[in-house]
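Each chain gets a letter, A, B and so on, in the order the sequences are listed, and its residues count up from 1.
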There are 2 protein chains.
Amino acid sequence: MTKQFSTVWLREARPAKSTGRSRDEIVHAAVELLDADGLDGLSMRRLGAKLSAGATSIYWYVANKEELLELVYDEIWGELRLPEPTAETWRVTASAFAHDMRRVILRHPWSASLIGRLPALGPNALGAADTLRRSFHLAGFEGLEIDYANTTLTSYVFGITIPEVAWAQKVAETAYPDESIRETVALLAADYPDLASRMNEVHNSDVDSVREIAFSFGLDAVLDGLSARLVA
Amino acid sequence: MTKQFSTVWLREARPAKSTGRSRDEIVHAAVELLDADGLDGLSMRRLGAKLSAGATSIYWYVANKEELLELVYDEIWGELRLPEPTAETWRVTASAFAHDMRRVILRHPWSASLIGRLPALGPNALGAADTLRRSFHLAGFEGLEIDYANTTLTSYVFGITIPEVAWAQKVAETAYPDESIRETVALLAADYPDLASRMNEVHNSDVDSVREIAFSFGLDAVLDGLSARLVA
DNA sequence: ACCTGAACACCGTTCAAGT
DNA sequence: ACCTGAACACCGTTCAAGT
């Protein structure tokens, strides 16, 4: 019933000069499917077809779909552009990571469903984690507190961005979202006048900028809180 | 292609004296399946069978599986036990929510996959949100900042707990996780001596308490950061 | 070494038909 | 009003067989 701990990253990639398809080719095709049609758009059959291959030939490169997802997930981490920790203050580096991660997730909405479900053990994820850790170390954190600080920051970013994506998708697929959603929430929140009235403070046209403001508000709070841990 | 914004919560529940099955009955059966076998354990066919009903009779009560998941998701929110905001300081209330939410998610690991994917518009979710909002209002936050504070807190809790669940499940299903995982991470993090050495600071037996400490560390940071927003 | 196709054991959902 | 069963269009994965 239990098995070895396994991950794609322990599976050797096929040598580059191999005659067959490459892992890169497969991953890129998969990302294209995901960007175009979301998580449901990626099936082993569709991916096979896209590569003009039999549906099951992918299993030569990957043990199962989970491993394929590990590969595409690491692509997300690869899109981050972080500064060298030594070149900036820790707040700048942390803040760059936060905004960049959010941007990348919003650009690849399917990634939101992968975060936390899959271990982030790919080279890009490890590289980003290392950059953050070095930055927090330079800030003055020591030992396990480096990891705690790291976890605090990434948790906040993931926790705020994941629902943001889901909501955006739901909005995107509903007709006349402005009236439709406002009306729905008003009905459901009838018992909570506070909540209902708050809805009306935000005009739907502002919704994106309110999200940005909310993100920055929380990020500043998190960074201030970490800062406080530093002087203590 | 686009449709109305829809949610189960706008669908009237069948009257209690109805001759058929009740929504409650269905939801409880679904939660039992989920607790026993996780998200993959819940299929419309299996749920039908558990209710000694045809596989498709559930569609009388619910438009689709998504709506069923909305129902079970709200059960999670219903397990929270929050204090009356007026009875405690906002830090106590916020902290109670944070620890309680984490506990509930860890107890129902399948819920981690639902968070952020589904709108939280059920009565229990709205009730909890209202409690938090009132507490932040009493603390001194005004207008949209009440929501920002609320979002910051819940984002942190979700963001740290979701990966925790996934990791715990992965550990649970691997044989000899201690050696197995340590060895794997050591191999993959070979290029990052920092990361690798950190692994060895934590003995695997401590892993649960380290998680608790990490959670509290971040929570304190978040609460301090919100506090700072209050005096500014 | 790499790929195929058939087959297995599943899914969610629709819909006509039953009571 | 409530439930059924057959059918449709899919899944991920295994495996013997091909080149």
Side-chain angles (χ1 to χ4, degrees), chain A residues 1 3-4 6 8 11-27 29-30 33-34 36-73 110 113-114 117-118 173, chain B residues 1 3-4 6 8 11-27 29-30 33-34 36-73 110 113-114 117-118 173:
Chain A
M1 180 184 163
K3 331 146 246 187
Q4 277 292 108
S6 80
V8 231
R11 190 180 308 281
E12 282 301 317
R14 301 279 150 193
K17 49 158 168 215
S18 150
T19 82
R21 266 159 266 266
S22 74
R23 190 177 268 189
D24 263 18
E25 210 181 330
I26 291 171
V27 171
L33 280 178
L34 287 165
D37 301 313
L39 207 53
D40 294 340
L42 178 65
S43 74
M44 299 306 258
R45 287 164 215 262
R46 293 237 284 150
L47 181 56
K50 184 161 183 128
L51 294 164
S52 327
T56 57
S57 57
I58 299 143
Y59 285 91
W60 182 257
Y61 298 90
V62 129
N64 48 42
K65 195 179 181 183
E66 180 99 356
E67 287 200 355
L68 175 63
L69 292 175
E70 276 192 90
L71 291 174
V72 297
Y73 181 33
W110 48 269
S113 313
L114 265 30
R117 244 187 59 197
L118 262 35
E173 67 193 19
Chain B
M1 182 186 160
K3 331 147 246 190
Q4 275 293 106
S6 80
V8 231
R11 192 179 306 282
E12 282 300 317
R14 300 279 149 193
K17 50 158 167 214
S18 149
T19 82
R21 266 158 265 267
S22 73
R23 192 177 264 189
D24 263 20
E25 210 181 331
I26 292 170
V27 171
L33 280 178
L34 288 165
D37 302 313
L39 208 53
D40 294 340
L42 178 66
S43 74
M44 301 305 258
R45 286 163 216 263
R46 294 235 287 149
L47 181 56
K50 184 162 182 127
L51 294 163
S52 328
T56 59
S57 55
I58 299 144
Y59 285 90
W60 182 257
Y61 299 90
V62 129
N64 47 42
K65 195 180 181 183
E66 181 99 355
E67 287 200 357
L68 176 62
L69 292 175
E70 276 192 271
L71 291 174
V72 298
Y73 181 33
W110 47 269
S113 313
L114 265 29
R117 245 187 58 197
L118 261 36
E173 69 192 16

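In this structure, A:Asp40 atom CG and D:dA9 atom P are separated by 19 Å, rounded to whole Å. What separates CG of A:Asn64 from P of D:dT14 is a distance of 8 Å, to the nearest Å. Distance CE (B:Met44) to C1' (C:dC10): 16 Å, rounded to an integer number of Å. Distance, B:Lys65 NZ to C:dC11 P: 8 Å, rounded to whole Å. As a whole-Å value, the separation of B:Leu68 CG from C:dC11 P is 14 Å. Residue B:Glu67 contributes atom CD, which lies 10 Å from atom P of C:dT13 at whole-angstrom precision. The interatomic distance linking B:Arg45 (CZ) with D:dC11 (P) rounds to 15 Å, in whole Å. Here the P atom of nucleotide D:dT13 and the CG atom of A:Leu47 are 12 Å apart, to the nearest Å.
Candidate nucleotides D:dT14, C:dC11, D:dC11 were compared by shortest atom distance to the side chain of A:Tyr59, and D:dT14 ranks first.
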Identify each atom pair where a protein N or O and an N or O of nucleotides 1-5 of chain D are less than 3.5 Å apart, giving names and distance.
residue : atom : partner : partner atom : Å
D:dC2   : OP1  : B:Ser18 : OG           : 2.3
D:dC2   : OP2  : B:Arg14 : NH1          : 3.4
D:dC2   : OP2  : B:Trp60 : NE1          : 3.3
D:dC3   : OP1  : B:Arg21 : NE           : 3.4
D:dC3   : OP1  : B:Arg21 : NH2          : 3.3
D:dC3   : OP2  : B:Tyr61 : OH           : 2.6
D:dT4   : OP2  : B:Gly54 : N            : 2.3
D:dG5   : O6   : B:Thr56 : OG1          : 2.7

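Across all strands shown, B:Leu51 has no heavy atoms under 4.0 Å from either base or sugar-phosphate atoms.
Taking every heavy atom of both residues into account, B:Arg23 and B:Arg11 meet most closely at NH2-O, 3.2 Å.
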A correct dot-bracket answer for DNA chain C, with pairs being Watson-Crick or G-U at under 3.5 Å, [ ] for crossing pairs and | for inter-strand pairs, is ||.|||||...|||||.||
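Between D:dC11 and C:dA7, the two C1' atoms lie 14 Å apart (nearest whole Å).
When side chains are defined from C-beta on, B:Glu66 counts as touching B:Leu118, because their heavy atoms get closer than 4.5 Å.
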Can you list the steps and then say if A:Glu70 with A:Val62 is a side chain to side chain contact (heavy atoms under 4.5 Å, CB included)?
CA-CA 10 Å; A:Glu70 276 192 90; A:Val62 129; over 6 Å; no
B:Arg21 vs B:Trp60, test: side chain to side chain contact (heavy atoms under 4.5 Å, CB included). Steps then yes/no.
CA-CA 10 Å; B:Arg21 266 158 265 267; B:Trp60 182 257; over 6 Å; no
What's the verdict on side chain to side chain contact (heavy atoms under 4.5 Å, CB included) for B:Ile26 and B:Leu71, showing C-alpha distance, side-chain angles and the deciding distance?
CA-CA 10 Å; B:Ile26 292 170; B:Leu71 291 174; 6.0 Å; no
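A:Arg117 contributes no side-chain N or O that, together with a main-chain N or O of B:Ser113, makes up a donor-acceptor pair within less than 3.5 Å. A distance-only check finds a donor-acceptor pair linking the side chain of A:Asn64 to the backbone of A:Glu67 [under 3.5 Å].
Separation of atoms CG (A:Leu33) and CG (A:Leu51) is listed at 8.5 Å; rounding is to 0.5 Å. For the atom pair CG (B:Leu47) and CD1 (B:Ile58), the distance works out to 4.0 Å, reported to the nearest 0.5 Å.
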